[in-house]
Amino acid sequence: MQQQFLIYNTLSHQKELFTPITPGRVGMYVCGPTVYGDAHLGHARPAITFDVLYRYLQHLGYKVRYVRNITDVGHLEHDADEGEDKIAKKARLEQLEPMEVAQYYTNRYHAAMDRLNVLRPSIEPHASGHIIEQIELVQKILDAGLAYVSNGSVYFDIRKYQEETHRYGQLSGRVIDEMLATTRELDGQEEKRFAGDFALWKKASPEHIMRWPSPWSDGFPGWHAECTAMGAKYLGSPFDIHGGGMDLVFPHHESEIAQCVASTGHAPCKYWMHNNMITINGQKMGKSLGNFITLGEFFDGSHKDKDGKEMLAQPYGPMTIRFFILQAHYRSTVDFSNEALQAAEKGYNRLMQAFKTLGSLQPSKESSVDVKGYRQLCYDAMNDDMNTPIVISHLFDAARVINTVNDHKATLTQEDIDELKSVFQIFVFDVMGLRDEASSDNTALIDGLMQMILDVRATAKANKDWATSDKIRDSLSALGIAVKDGKDGATWELK
RNA sequence: GGUCGUUUGGCCGAGGGGCUAGGCACAGGUCUGCAAAACCUGCUACUCCGGUUCAAAUCCGGAAGCGACCUCCA
């Protein structure tokens with residue numbers, strides 16, 4: 001089935017029909033984590049958003065190469081006076097090798113993403129492993145006359161670039177003249193010809209641990225170089241989709257465009273996609289603001305904020321987090337609250353339970369409800385710029401039908417039951433990447449045991465031995481198993 | 001201060017000129033030994049002020065609140 005997939009392009013400020021540069025193949029690049037701390041809820045947003053994009057493109061039949069970088073050099077600590085490399089600073093504090101710190105947090109990032117059922121990208125390049133490519137990029141920009149060397153550092157010449165291309169600010173809507181008026185005083189500004197110029201290569205100060213030789217100085221690459229260099233290396237130039245958080249639009253992505261145009265003459269990619277932020281009490285959740293809750297804390301419910309106040313009313317499973325994020329459109333902000341998470345948890349369980357019920361539905365000769373429309377409704381929602389909240393709303397509608405049939409108040413043929421199974425499989429599991437958190441390796445054994453226990457209870461109930469039947473139910477409840485009596489006997493589920 | 005965006009029911013959140021999204025919560029009902037689940041019903045909202053229109057939550061203008069970004073935070 002050919003789908004007309006519309007995606008919102010930040011560059012054009014409108015939804016555009018997605019057509020790959022090379023038929024049948026898609027190259028996508030997403031800005032990955034800086035590995036100097038544990039992933040928090042904010043990191044889950046782009047990971048899940050672009051995981052769904054990756055899954056959906058593959059579902060549509062594209063062969064996708066998904067590149068997501070690991071930033072392990074070059075980004076300066078915000079509050080570090082000396083402009084010390086983030087990784088290096090953390091390493092000194094903990095007496096570890098910089099690469100050891102990077103590896104440690106990379107491993108933990110992977111573990112958290114695995115739990116969220118985020119697929120690993122096709123290629124996950126490290127900035128530190130692509131210094132040569134970044135030096136080559138800088139050299140090309142110098143050769144084009146759009147950068148200059150100053151005291152061992154190399155800066156991008158914004159004003160010259162603008163004269164020649166008139167393209168600076170096309171992504172973010174930034175106007176150079178306005179930037180002048182709003183520029184703050186910063187260290188190192190005297191090396192620049194223009195305050196808006198950004199570093200392509202930075203000379204390392206003596207105490208700076210992470211450094212590499214270059215034609216200009218011992219130093220490290222500028223903050224935007226890695227994505228330009230690695231994107232082009234692994235996806236070609238231009239490639240299809242570049243994604244990341246909205247907070248990266250300026251200066252990071254604007255600078256990437258400038259670097260690419262300066263070095264190749266054309267834009268790096270066709271579509272720019274940006275996910276919105278997760279807020280907490282209405283404010284962006286971020287490392288620098290100190291108001292973040294790590295994913296690990298969500299999973300075990302152990303967070304305390306800086307005042308020692310407990311922010312989490314309970315632990316939230318990875319699938320609850322995933323469902324919570326998917327229940328909002330990726331370009332909207334989504335506000336964290338216990339109420340919202342709890343609502344997501346219940347909704348997620350309802351959907352999972354409906355799918356299980358679907359597997360035990362008794363088929364009829366005729367269907368009394370029409371379920372043929374759900375598939376296309378879900379496709380339509382996905383095709384409209386990945387509108388997962390709408391997909392979910394259709395799945396809830398289908399869940400109601402399933403439950404109604406289960407209550408013998410409606411009927412479905414085997415064909416229609418299979419159709420619903422297929423729709424759930426595609427959209428719930430394959431595309432949105434949810435999975436049944438309750439299922440385990442011992443499923444068969446537990447099912448057997450539970451069947452036996454429920455049989456005993458059914459016998460007790462038949463004998464009106466309520467003491468025994470209630471004892472069984474209460475004991476199971478204490479173990480976290482809910483017994484649900486229905487017309488056709490009891491079923492159970494993990495609470 | 002500048003740029004951009006946003007403001008939807010008790011809560012979360014879609015939609016985006018006429019066709020009451022969905023989830024959660026709450027209340028009533030059906031079923032049930034009781035409870036839970038499920039199903040049915042109710043709660044029917046779009047920040048404010050103008051304007052356009054037969055018709056505005058939806059378009060236009062203005063105001064206010066909130067947020068992101070404004071060069072070394074990704």
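The structure presented is a predicted model; accordingly, all values stated were derived computationally and were not measured. Chain letters run A, B, ... following the sequence lines, proteins first, then strands; residues in each count from 1.
Applying the side-chain hydrogen bond (donor to acceptor under 3.5 Å, both in side chains) rule to Asp470(A) yields the partners Arg473(A); only residues at least two apart in sequence or on another chain are considered. By the ring-ring contact (aromatic ring centres under 6.0 Å, His included) test, Phe292(A) pairs with His40(A), sequence neighbours left out. Judged as a salt bridge (charged side-chain N to carboxylate O under 4.0 Å, His left out), and not counting sequence neighbours, the contacts of Lys484(A) are Glu493(A). Residues forming a salt bridge (charged side-chain N to carboxylate O under 4.0 Å, His left out) with Asp157(A) (at least two apart in sequence, or on another chain): Arg193(A). With sequence neighbours excluded, no residue forms a ring-ring contact (aromatic ring centres under 6.0 Å, His included) with Phe323(A). In this view, Arg108(A) and Asp38(A) satisfy the salt bridge (charged side-chain N to carboxylate O under 4.0 Å, His left out) rule, not counting sequence neighbours. With sequence neighbours left out, Tyr330(A) forms a side-chain hydrogen bond (donor to acceptor under 3.5 Å, both in side chains) with Asp385(A). The side chain to side chain contact (heavy atoms under 4.5 Å, CB included) search around Ala39(A) returns His43(A), Tyr109(A), Met113(A), Leu295(A), not counting sequence neighbours. Partners of Glu124(A) under the salt bridge (charged side-chain N to carboxylate O under 4.0 Å, His left out) rule, at least two apart in sequence or in another chain, are Arg68(A).
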So what does the secondary structure string of RNA chain B come out as, 5' to 3', with Watson-Crick or wobble pairs under 3.5 angstrom, [ ] for crossing and | for pairs with another strand?
-> (((((((..(((.....[...))).(((((.......)))))....(((((..]....))))))))))))....
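Among A36(B), C39(B), A35(B), the nucleotide with an atom closest to any side-chain atom of Asn403(A) is C39(B). Of all nucleotides listed (U30(B), G33(B), A74(B)), A74(B) comes nearest to the side chain of Pro251(A). Taking only side-chain atoms of Phe396(A), from C-beta outward, the nucleotide of A68(B), G22(B), U71(B) with the closest atom is G22(B). Of all nucleotides listed (G22(B), G33(B), C69(B)), G33(B) comes nearest to the side chain of Ser469(A). Among the nucleotides A38(B), G33(B), C12(B), the one closest to the side chain of Asp407(A) is A38(B).
The side chain of Arg350(A) contributes an N or O atom lying less than 4.0 Å from OP1 or OP2 of A38(B).
Rounded to whole angstrom, the span from the CD1 atom of Ile392(A) across to the P atom of C12(B) amounts to 17 Å. Atom pair Tyr316(A):OH and C24(B):P shows a separation of 16 Å (rounding to whole Å applied). Here A68(B) presents its C1' atom at 15 Å from CZ of Arg331(A), a figure rounded to the nearest Å.
Residues Gln353(A) and Asp470(A) both approach RNA chain B. Their nearest nucleotides, taken by heavy-atom distance, put Asp470(A) toward the 5′ side. With RNA chain B read from its 5' end, the first of the two nearest nucleotides for Phe198(A) and Asp247(A) is the one closest to Phe198(A).
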Report all interatomic pairs (protein N or O, nucleotide N or O of nucleotides 40-44 of chain B) with separations under 3.5 Å.
{"unit_1": "C40(B)", "atom_1": "OP2", "unit_2": "Arg400(A)", "atom_2": "NE", "d": "3.3"}

Distances under 3.5 Å only, N/O to N/O: pair up the protein atoms with those of nucleotides 14-17 of chain B.
{"unit_1": "A14(B)", "atom_1": "OP1", "unit_2": "His329(A)", "atom_2": "N", "d": "2.6"}
{"unit_1": "A14(B)", "atom_1": "OP1", "unit_2": "Ser332(A)", "atom_2": "OG", "d": "3.1"}
{"unit_1": "A14(B)", "atom_1": "O3'", "unit_2": "Asn387(A)", "atom_2": "ND2", "d": "3.3"}
{"unit_1": "G15(B)", "atom_1": "OP1", "unit_2": "Asn387(A)", "atom_2": "ND2", "d": "2.9"}

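Looking only at distances, no side-chain donor or acceptor of Ser469(A) sits under 3.5 Å from a matching main-chain atom of Lys461(A).
When the C1' atom is compared between A45(B) and A57(B), the two are found 9 Å apart, to the nearest whole Å.
Put simply, the side chain of Asp485(A) and the base of C34(B) share a donor and an acceptor less than 3.5 Å apart. In this model, a side-chain donor or acceptor of Arg473(A) finds a partner on the base of A35(B) within 3.5 Å.
In this structure, OH in Tyr379(A) is found 4.0 Å from CD1 in Ile426(A), a value given to the nearest 0.5 Å.
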Full working for side chain to side chain donor-acceptor pair (under 3.5 Å) between Asn338(A) and Tyr316(A) | CA-CA 9 Å; Asn338(A) 280 290; Tyr316(A) 298 100; 2.5 Å; yes
